[in-house]
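Below: one structure, written as structure tokens.
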There are 2 protein chains.
Amino acid sequence: MRLPLKTEYACQVMAQLAKTYATGEVRRVEELATAEGLSPNYLVQILTQLRPVGLVVSKRGKNGGYLLGRAPETISLAEIAGAMEGDILIETSNGIIGMSSEKVNQAWARANQELQSALSEICLTELIPDDVEPNSPQDWVI
Amino acid sequence: MRLPLKTEYACQVMAQLAKTYATGEVRRVEELATAEGLSPNYLVQILTQLRPVGLVVSKRGKNGGYLLGRAPETISLAEIAGAMEGDILIETSNGIIGMSSEKVNQAWARANQELQSALSEICLTELIPDDVEPNSPQDWVI
DNA sequence: GAATACATTAGTAAGTGACGCAACTTTAAA
DNA sequence: TTTAAAGTTGCGTCACTTACTAATGTATTC
């Protein structure tokens, strides 16, 4: 079961925005994309999905860009994942097509809830990257 | 994030085999497939994957079929899912391609462990379908 | 009003999942 | 000992999804 790259990228951008939340500075898409090694055009689509739920705020026009919508301490992984994939993180087939499919689905629904509550305990602040010394080698480049 | 149908089917077959574990009767693939509304050809591939880890036992030749490998009380959802998908249920990209990708991956690895432990608490006995009255309508048919 | 940056939508290419099929092997029963 | 019922294995494939690219639209600032 692969976690969609989209969701992974969303976590990365949120972490990146969290890093400068205190300063209040607006971050351009291109800057965010290069910092996380992603395609800017694709990143826009992810940010667009994070905006309607208030996780990020955008400013258009010149000197525009993105900011975190709320303080990073109030944001959990569950919320980010939910914005990207909806409330059901582990999707099963909804239809009942066999004797035991109902109970199996119920079991996985419970597993989904447990996952949700585990994710809601992981705070965005835990994802903020350590500051790199200006002249140190950037070891995160592949 | 979709749970692979393969894994869902595996749970269903295991539940079906658990139902008759006490009697020790051998179940044919075709019978199992119709009971769970699955394609026999595909179900074979799933059972083949469950066999090497000892979750099911097969008897070949005439009057052959499948049995549960162990008592259902000793089998958890974690084990079934692990047999189908490996130990990492939530796969993330392994490479470090951005400033915060490392911490993001670590966070999801934690989430994966929490999911695992949640699944290990769900026992196969909980998946055994309720017995249907012989003449009652089979309400599990779609 | 021109430059700049986000917004939106359409398109696409590669990968993956969920099967179907066919040939082979094993074994109980006649 | 033959036969037929069953599991075993591997290949093929079709459709769907994902991860992008690209082009065009829209808002803001100087």
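All heavy atoms count here, side chains included; hydrogens, waters and symmetry mates do not. Here is the naming used below: chain letters follow the sequence lines, and residue numbers restart at 1 for every chain.
Between Leu32(A) atom CG and dA5(C) atom P there is a gap of 13 Å when expressed in whole angstrom units. For Leu38(A) and dT21(D), the CG to C1' distance is 15 Å, given to the nearest whole Å. Rounded to an integer number of Å, the gap from CD of Glu91(A) to P of dA18(C) is 12 Å. In this structure, Met84(B) atom CE and dT16(C) atom P are separated by 17 Å, rounded to whole Å. Note: CD (Glu30(B)) to C1' (dA6(D)) measures 10 Å, nearest angstrom.
A donor atom on one side chain and an acceptor atom on the other are not found under 3.5 Å apart for Glu36(A) and Ser101(B).
Arg28(A) meets the salt bridge (Lys or Arg N to Asp or Glu O under 4.0 Å) test with no other residue; sequence neighbours excluded. Under the salt bridge (Lys or Arg N to Asp or Glu O under 4.0 Å) criterion, Glu79(B) pairs with Arg70(B), not counting sequence neighbours. Residues passing the salt bridge (Lys or Arg N to Asp or Glu O under 4.0 Å) test with Arg2(B), sequence neighbours excluded: none. Listed by chain and number, the residues in a side chain to side chain contact (heavy atoms under 4.5 Å, CB included) with Thr48(B) are Val44(B) (sequence neighbours excluded). Residues forming a side chain to side chain contact (heavy atoms under 4.5 Å, CB included) with Glu73(A) (at least two apart in sequence, or on another chain): Ala71(A), Thr125(A). For Glu126(B), the salt bridge (Lys or Arg N to Asp or Glu O under 4.0 Å) partners two or more places apart in sequence, or in a different chain, are Arg110(A). In this structure Ala10(A) satisfies the side chain to side chain contact (heavy atoms under 4.5 Å, CB included) test together with Ile46(A), Leu50(A), Ile80(A), Met84(A), sequence neighbours excluded. The side chain to side chain contact (heavy atoms under 4.5 Å, CB included) test applied to Val26(A) returns Lys59(A), Leu67(A), not counting sequence neighbours. In this structure Thr92(B) satisfies the side chain to side chain donor-acceptor pair (under 3.5 Å) test together with Asn105(B), sequence neighbours excluded.
Under the 4.5 Å side-chain criterion, counting only non-hydrogen atoms from C-beta, Cys11(A) is in contact with Leu127(A).
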Distances under 3.5 Å between nitrogen or oxygen atoms of protein and nucleotides 28-30 of chain D:
unit_1: dT28(D); atom_1: O2; unit_2: Lys62(A); atom_2: N; d: 3.4

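Near DNA chain C, meaning a heavy atom under 4.0 Å away, the residues from residues 41-57 of chain A are Val44(A), Gln45(A), Thr48(A), Arg51(A). Of all the residues in residues 1-18 of chain A, not one reaches under 4.0 Å from DNA chain C with any non-hydrogen atom.
Side-chain nitrogen and oxygen atoms of Ser39(B) include none within less than 4.0 Å of the OP1 or OP2 phosphate oxygen of dA18(C).
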